[in-house]
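Okay, so here's the structure we're looking at.
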Amino acid sequence: MASVVSNVDPGSPAAQYLEPGDVILSINQQPVNSVSEFNKLATEAKGQTLLRVLHQGSAAFVVIPDEHGE
């Protein structure tokens, strides 16, 4: 199981990389098996964040910059 993106804050660093319906498989190489696990891992992430995302049927790694664009 993973976590499905339901919405993306248009002002967030993730907005240019994620869209509703994408499935987040991992955060910083830690598997995401539930929404609560996603929330925990997302909260713990510092700086750039590596996501493995299922987007339109294809899995890809995406690097989300921190809030400063780094």
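The chain is numbered in sequence order, starting from 1. Computation of the quantities below employed the complete heavy-atom set of this structure, encompassing side-chain atoms and omitting hydrogens, waters and symmetry-equivalent molecules.
A continuous path of ILVMFWY side-chain contacts below 4.5 Å connects Leu54 to Val4, so both sit in one hydrophobic cluster.
Listed here is the closest heavy atom pair of Val63 and Tyr17: O-CZ, 3.9 Å.
Using a 4.5 Å cut-off on side-chain heavy atoms (C-beta onward), Ile27 and Gln30 make no contact. Residues Leu41 and Val32 are in side-chain contact: their nearest non-hydrogen atoms beyond the backbone lie under 4.5 Å apart. You'll find the side chain of Leu18 reaches within 4.5 Å of the side chain of Leu51, heavy atoms only.
Judged by distance alone, the side chain of Asp66 and the main-chain N or O of Gln48 form no donor-acceptor pair under 3.5 Å.
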Return a table of donor-acceptor pairs under 3.5 angstrom between the side chains of residues 5-14 and protein atoms on other chains or two or more places apart.
residue: Asp9; atom: OD1; partner: Gly11; partner atom: N; Å: 3.0
residue: Ser12; atom: OG; partner: Asp9; partner atom: O; Å: 2.9
residue: Ser12; atom: OG; partner: Ala14; partner atom: N; Å: 3.4
residue: Ser12; atom: OG; partner: Ala15; partner atom: N; Å: 3.4

